[in-house]
Amino acid sequence: MAARSLDSRGAFYEAIQAVLGSWPVLQIAVENGFGGPHVQEKAQWMVGAVHEYFLTNADLEQSEVEETLQGIMNDEFDTMVEDGSLPTIAQQLCTFYSQCQRGDVSGVKEKIAQLSQKKYNVKANVQEVRAHEEEEEGSEEEDDEAMDCETSTTTASTAPGTSASGGHGQKSEEGEPEADGWTVVRRKKK
């Protein structure tokens, strides 16, 4: 019985690694160094922290797992997850935990193999998106230059404190902290 428990714990740990390793949000955060220079160590720590979280808390709800993952991503990787993937990741973790609790280690290992393949596909997609974004940046810079020429005549004819659309401007200092403590950096208007 103790050996089965160790097998299921080990399988669950591997499942967490596979789920988090195939999560595009975490992969992008790690690849781009969000959260500092020790981002690889943080990602590995996150696997252990999630494993410990499940083992020390009985009857976790999916929403609790979502909140915990969001907190870790925010605190450790300076990343707000807004792509809608949190419910899916939390559900996968809860499902794997339930399977391991029932002793379905072989089923878990099959799904881990599927997730490992998915991980490589996500990396290829991230590289394709980056190449596409770089192409768009060049055209956006050209568009910005064209807009600069168009807006310079418009802004010169408006009174101070008003916008080109005729409304009174609400001045907001660049880098001024918002009510929730986040600093919002806005693009300067020309």
Side-chain angles (χ1 to χ4, degrees), residues 1-137 180-182:
M1 194 63 125
R4 185 175 125 182
S5 176
L6 288 176
D7 283 347
S8 63
R9 281 186 179 192
F12 183 58
Y13 188 86
E14 289 177 32
I16 295 169
Q17 283 182 311
V19 169
L20 297 181
S22 66
W23 190 15
V25 173
L26 183 58
Q27 285 183 12
I28 291 169
V30 170
E31 288 175 12
N32 291 295
F34 297 171
H38 304 289
V39 71
Q40 291 286 346
E41 291 85 358
K42 285 182 180 183
Q44 191 58 41
W45 167 85
M46 184 177 180
V47 173
V50 170
H51 187 251
E52 187 67 26
Y53 178 67
F54 271 90
L55 296 180
T56 57
N57 294 289
D59 300 324
L60 285 173
E61 296 290 326
Q62 181 179 329
S63 60
E64 294 172 310
V65 177
E66 287 178 41
E67 290 174 14
T68 299
L69 292 173
Q70 179 63 66
I72 291 172
M73 291 301 295
N74 188 19
D75 295 343
E76 300 299 328
F77 297 94
D78 300 325
T79 304
M80 293 295 294
V81 181
E82 296 179 344
D83 68 341
S85 63
L86 269 174
T88 304
I89 298 300
Q91 179 194 22
Q92 287 177 332
L93 292 171
C94 290
T95 300
F96 280 131
Y97 184 71
S98 295
Q99 284 181 290
C100 288
Q101 289 296 98
R102 289 190 314 262
D104 184 13
V105 174
S106 62
V108 169
K109 293 204 181 234
E110 286 176 20
K111 290 182 181 177
I112 289 172
Q114 292 171 355
L115 284 173
S116 295
Q117 291 173 351
K118 183 179 176 183
K119 178 179 179 177
Y120 298 115
N121 293 336
V122 170
K123 285 187 177 186
N125 291 340
V126 169
Q127 290 173 352
E128 288 175 20
V129 169
R130 283 187 183 160
H132 182 67
E133 286 175 350
E134 288 173 2
E135 289 174 9
E136 287 180 354
E137 282 180 15
D180 61 3
W182 287 90

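Remember, predicted model here, so these are calculated numbers, not experimental data.
No side-chain donor-acceptor contact under 3.5 Å links Gln40 and Gln44.
When every heavy atom of Met73 is checked against every heavy atom of Ala29, the shortest pair comes out as CE-CB, 4.3 Å. Nearest heavy-atom pair across Ser8 and Cys100 is CB-O, 3.2 Å. For Ala90 against Glu66, the heavy-atom pair with the smallest separation is CB-CG, 3.5 Å. Minimum heavy-atom separation, Gly84 to Thr88: O-OG1, 4.4 Å. The two residues Val50 and Leu69 have their closest heavy-atom pair at CG2-CD2, 3.9 Å. In this structure, Leu20 and Leu26 approach most closely via the heavy-atom pair O-CD2, 3.5 Å.
Between His51 and Tyr13, the angle of the ring planes goes over 60°, which puts this pair in the perpendicular group of the 30/60° scheme.
No donor-acceptor distance shorter than 3.5 angstrom exists from the side chain of Asn74 to the backbone of Gln70, with no hydrogens or angles considered.
Looking at heavy atoms from C-beta onward, Phe54 lies out of side-chain contact with Gln101 at the 4.5 angstrom threshold. In this structure the side chain of Trp45 reaches within 4.5 angstrom of the side chain of Ile72, judged on heavy atoms. No side-chain heavy atom of Phe77 sits less than 4.5 Å from a side-chain heavy atom of Ile28. Proximity of Val108 to Tyr97: side-chain heavy atoms (C-beta onward) are nowhere separated by under 4.5 Å. Put simply, the side chain of Ile89 does not reach to within 4.5 Å of the side chain of Val81, judged on heavy atoms. Two residues are said to be in side-chain contact when any heavy atoms from C-beta on lie closer than 4.5 Å; Gln92 and Lys111 fail this criterion.
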* Show your reasoning for whether side-chain contact (heavy atoms from CB on, under 4.5 Å) applies to Phe34 and Lys42. => CA-CA 10 Å; Phe34 297 171; Lys42 285 182 180 183; over 6 Å; no
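Between Phe12 and Phe96, the distance separating the two ring centers is not shorter than 6.0 angstrom.
Interatomic distance, CG of Leu60 versus CD of Gln62, reported as 11.5 Å (0.5 Å rounding). Remark: Leu115 CG to Glu110 CD distance equals 12.5 Å, nearest 0.5 Å. The distance from the CG atom of Asn32 to the OG1 atom of Thr79 is 9.0 Å, given to the nearest 0.5 Å.
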